[in-house]
Amino acid sequence: DGGITQSPKYLFRKEGQNVTLSCEQNLNHDAMYWYRQDPGQGLRLIYYSQIVNDFQKGDIAEGYSVSREKKESFPLTVTSAQKNPTAFYLCASRLQGAPGYTFGSGTRLTVV
Amino acid sequence: KQEVTQIPAALSVPEGENLVLNCSFTDSAIYNLQWFRQDPGKGLTSLLLIQSSQREQTSGRLNASLDKSSGRSTLYIAASQPGDSATYLCAGRLQGGSEKLVFGKGTKLTVNP
């Protein structure tokens with residue numbers, strides 16, 4: 001079955017550590033996205049990529065970094081510069097020219 | 001700046017009731033609007049997508065409408081079931097090649113048996 005796989009499902013980070021969240025899709029979608037979800041708030045866009053080796057900042061990119069070396073993969077690194085990283089992170093993808101977005105099952109990151 | 005509002009924030013209904021969830025947006029230059037379902041601790045499942053040129057879309061017991069002039073979309077759920085209990089999110093994408101979905105905060109629906 002085609003879809004988006006996010007791993008791990010739960011992740012714990014110590015203060016000052018960088019952590020990387022994985023997002024892989026086998027839908028052959030061109031564009032990929034990272035959103036952050038906090039309780040009581042709407043999802044907010046962190047980064048997106050429309051093609052390999054290119055990505056753009058979203059509304060809340062500070063403290064995050066991404067790479068897009070392969071079409072099917074779009075990992076997100078939460079750096080120590082991100083002051084409040086505890087949140088639910090969702091990866092999405094979209095076929096260029098198609099209107100709809102497909103979302104993964106999410107990674108819950110907690111700072112301990 | 002596009003803002004999306006969903007009212008009510010929470011809704012509790014008895015099983016079998018027909019219900020309407022509301023979504024309003026501030027910028028009428030909307031390219032499309034998508035309704036999602038989110039179960040606790042899970043990702044988003046796409047329910048319906050309405051293009052700006054469309055007025056409504058239907059899938060089973062779900063019907064979504066879009067009125068750009070009034071800045072509103074509604075999700076109608078017929079004959080609600082306990083399995084419909086979830087948070088429902090609407091998200092709009094602006095015209096002009098925007099890659100961003102602007103989300104509302106969601107409506108948490110509880111259908112009581």
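Quick caveat: nothing in here was measured; it's all calculated off a predicted structure. Throughout, protein chains are lettered first and strands after them, A, B, ... in sequence-line order, and every chain is numbered starting at 1.
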(message) Please tell me whether E99(B) and Q56(A) have a donor and an acceptor in their side chains that are separated by less than 3.5 angstrom.
(response) no
(message) Heavy-atom cut-off 4.5 Å, strictly under: side chain, backbone, both or neither for Q6(A) against chain B?
(response) neither
(message) Could you report the tightest heavy-atom contact between K9(A) and G41(B), atom names first, then the distance?
(response) NZ-O, 4.3 Å
(request) Using a 4.5 Å cut-off on heavy atoms from C-beta on, say whether the side chain of K100(B) contacts that of R44(A). (result) no
(request) Just give me the residue among G58(A), C91(A), G40(A), A31(A) that pairs up with chain B most often, heavy atom to heavy atom, under 4.5 Å. (result) G40(A)
Are [X] and [Y] linked, directly or through other ILVMFWY residues, by side chains that come within less than 4.5 angstrom of each other?
X: F74(A); Y: F103(A); answer: no
X: L62(B); Y: Y76(B); answer: no
X: F103(B); Y: F88(A); answer: yes
X: V19(A); Y: I60(A); answer: yes
X: V66(A); Y: L90(A); answer: no

(message) So for atom CD, which belongs to E62(A), do other residues, nucleotides or ligands contribute more than 12 heavy atoms lying within a distance under 6.0 Å?
(response) no
(message) Other residues, nucleotides and ligands only: do more than 12 of their heavy atoms fall within 6.0 Å of NZ on K68(B)?
(response) yes
Sort [X] into side chain, backbone, both or neither according to what part of it lies under 4.5 angstrom from a heavy atom of chain A.
X: L49(B); result: side chain
X: Q38(B); result: side chain
X: L89(B); result: side chain

(request) Step by step, work out the ring pair (Phe, Tyr, Trp, His ring centres under 6.0 Å) result for Y101(A) and F36(B). (result) CA-CA 10 Å; Y101(A) 293 72; F36(B) 297 90; 7.7 Å; no
(message) Set out, in order, the CA-CA distance, both residues' side-chain angles and the distance that settles side-chain contact (heavy atoms from CB on, under 4.5 Å) for L44(B) and L43(A), then state yes or no.
(response) CA-CA 11 Å; L44(B) 274 60; L43(A) 277 71; 4.2 Å; yes
